[in-house]
A.B. asks: 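Here it is, the structure in full.
Residue numbers count from 1 along this sequence.
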Amino acid sequence: MNSDSIPDVTASRAGEPTYIQFDDNALLPLLFGEHDQHLLRIEQQLGVSLASRGNRLAISGPAASVEAANAALMALYQRLKKGLEVGDGEVDAVVRMTMQAPDSESGEEAVRAVHADDMAIMTRKRRLTPRSPGQKAYIQALRSHELVFGIGPAGTGKTYLAAAMAVSMLMEGAVERIILSRPAVEAGERLGFLPGDLHEKVDPYLRPLYDALYDMLPGTQVTSRIGNGEIEVAPLAFMRGRTLSNAFIILDEAQNTTPVQMKMALTRLGENSRMVVTGDLSQIDLPKGAPSGLREAAGVLADMEGVAFVQFTAADVVRHTLVTRIVRAYAAFDAGKSGEGDLFGRER
């Protein structure tokens, strides 16, 4: 069979297992994982029972869960057929996609849509595909809009995917440089009280941006591109007075901008440039009572043509599953405490 062939699936009658028969036995150890750890993850997350015998796998459990498990396994198998890796992250991603599939499409259709080649972001070191419905919407927005706001909790891939898209467009020649910036206000600390010169003061605030770059490009390329100005990593204050043309600009941790800083940053956008603004409105470190520029921008620009807002939720967290539960617990606590609406000020 060719690489696009799919396993045979024998549909079950009520109460009976569904069977999948795979055509390439050599891929099954990679699909099942060491000591069947991938199968165990699927069982635990979907509440199904998986039993393998040779190249045949039986799925038992509630009908909806069996359908989701079948879709997840088919998607993972197709990744392997294309020569792509399957690890715990990929298993969790396809399970997440099948569980969150819209009513209008099956889990298999949802997974196939996000793993399509036109959804992939190619960098020197990685081929990235969305791992949640929110990430799918985000990548679509990054491809089609010049100004994108990615707003939501930690661990949803807001900055990481934006950095990947920036590197991809730089490699393609679509932009001439990447500019990564953050406001240098976090956890209540002020730069003036930190030891060292200016570079040593701001470097800890910008380290997550460097980390993302090193995931996308070989280290020597990151160093050389920073050296020749193709990649610039700088505090937001360094953007004042500049017009940024032919650039991919990422403003990270934007919840810590003031309204004046946000307006300044947004008006730096020049010809043939794109900007991505990311932030988490639940983690504002501005002085008490100071308004967030990100929150204000969400209200001012919500309906503006050419601007896309993608709001991530706890369901889009792609870190450890415990992080998802932590984010949901805090969101419930904050909602009960403040009774706030969504990021545009509407009631939930």
A.B. asks: Using modelled atom types and a 3.5 Å cut-off, is there a donor and acceptor pairing between side-chain atoms of R79 and backbone atoms of A75?
C.D. replies: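 Not a single qualifying donor-acceptor pair exists.
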A.B. asks: For A247 versus I179, what's the shortest heavy-atom pair and its separation?
C.D. replies: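 The pair with the smallest heavy-atom distance is CB-CD1, 4.3 Å.
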A.B. asks: Tell me the closest heavy-atom pair linking V310 and G134, and the distance in Å.
C.D. replies: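 Heavy-atom minimum between the residues: CG1-O, 3.8 Å.
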A.B. asks: Would you check if the side chain of E271 reaches a backbone N or O of N246 as a donor-acceptor pair within less than 3.5 Å?
C.D. replies: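 Between the backbone of N246 and the side chain of E271 there is no qualifying donor-acceptor contact (under 3.5 Å).
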A.B. asks: Under 4.0 Å between a side-chain nitrogen and a carboxylate oxygen: does that hold for E90 and R131?
C.D. replies: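 Counted as a salt bridge, because a side-chain N and a carboxylate O are separated by less than 4.0 Å.
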A.B. asks: Scan for ring-ring contact (aromatic ring centres under 6.0 Å, His included) pairs involving residues 142-165, sequence neighbours excluded, and state none if there are none.
C.D. replies: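 Output for this query lists F149-F309.
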A.B. asks: So do the side chains of L147 and M304 get within less than 4.5 Å of each other, counting heavy atoms only?
C.D. replies: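 With C-beta onward as the side chain, the pair stays apart.
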A.B. asks: What distance separates F22 CZ from R56 CZ, expressed to the nearest 0.5 Å?
C.D. replies: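 The CZ atom of F22 sits 11.5 Å away from the CZ atom of R56.
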A.B. asks: For D24, does its backbone N or O pair with a side-chain atom of Y77 as donor and acceptor, under 3.5 Å?
C.D. replies: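 Looks like yes, one N/O pair under 3.5 Å.
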A.B. asks: What donor-acceptor contacts under 3.5 angstrom involve side-chain atoms of residues 231-240, with partners at least two apart or in another chain?
C.D. replies:
residue, atom, partner, partner atom, Å
E232, OE1, R242, NH2, 3.1
E232, OE2, R242, NH1, 2.8

A.B. asks: Apply side chain to side chain donor-acceptor pair (under 3.5 Å) to the pair D92 and Q45, showing each step before the final yes or no.
C.D. replies: CA-CA 9 Å; D92 291 345; Q45 294 182 48; 2.7 Å; yes
A.B. asks: Whether the side chain of Q255 engages the backbone of D280 through a donor-acceptor N/O pair (distance < 3.5 Å, no angle test) should be reported.
C.D. replies: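 Yes.
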A.B. asks: Under 3.5 Å, is there a donor-acceptor pair between the side chain of T18 and the main chain of I59?
C.D. replies: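 Absent.
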A.B. asks: Under 3.5 Å, side chain of R124 to main-chain N/O of P218, donor-acceptor pair present?
C.D. replies: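 No, R124 side chain to P218 backbone: no donor-acceptor pair under 3.5 Å.
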A.B. asks: Just so I know, are the side chains of M165 and R274 near enough to count as touching, which here means a heavy-atom distance under 4.5 Å?
C.D. replies: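 They are not in side-chain contact.
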A.B. asks: Between D316 and K158, is there a side-chain N and carboxylate O pair less than 4.0 Å apart?
C.D. replies: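 Judged by the 4.0 Å cut-off on N to carboxylate O distance, D316 and K158 do not form a salt bridge.
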A.B. asks: Donor-acceptor pair, S273 side chain versus L244 backbone, under 3.5 Å?
C.D. replies: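 Yes: the side chain of S273 pairs with the backbone of L244.
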A.B. asks: Given 3.5 Å as the limit, does a donor-acceptor pair link the side chain of T123 with the main chain of S168, or not?
C.D. replies: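 Such a contact is absent between T123 side chain and S168 backbone.
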A.B. asks: Check ring-ring contact (aromatic ring centres under 6.0 Å, His included) between F312 and all other residues, then give those that pass, not counting sequence neighbours.
C.D. replies: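 Only Y138 meet the ring-ring contact (aromatic ring centres under 6.0 Å, His included) criterion with F312.
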A.B. asks: Would a hydrophobic clustering, with Ile, Leu, Val, Met, Phe, Trp and Tyr connected at side-chain separations under 4.5 Å, put L269 with V307?
C.D. replies: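 Same hydrophobic cluster.
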A.B. asks: Report yes if some heavy atom in the side chain of T223 is under 4.5 Å from a heavy atom in the side chain of Y214; otherwise report no.
C.D. replies: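 Yes, at least one pair of side-chain atoms sits under 4.5 Å.
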A.B. asks: Taking the side chain as every heavy atom from C-beta outward, state whether H38 and D88 have any atom pair closer than 4.5 Å.
C.D. replies: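 Yes, at least one pair of side-chain atoms sits under 4.5 Å.
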A.B. asks: Please tell me if the side chains of L84 and T129 come closer than 4.5 Å, counting only heavy atoms from C-beta onward.
C.D. replies: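 No, their side chains stay 4.5 Å or more apart.
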A.B. asks: Just by distance, do the side chain of E43 and the backbone of L50 share a donor-acceptor pair under 3.5 Å?
C.D. replies: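 It does hold such a pair.
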A.B. asks: Would you confirm whether N55, through its side chain, and N25, through its main-chain N or O, come within 3.5 Å as a donor-acceptor pair?
C.D. replies: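 Not at all, since once roles are kept as given, no pair shorter than 3.5 Å links the two residues.
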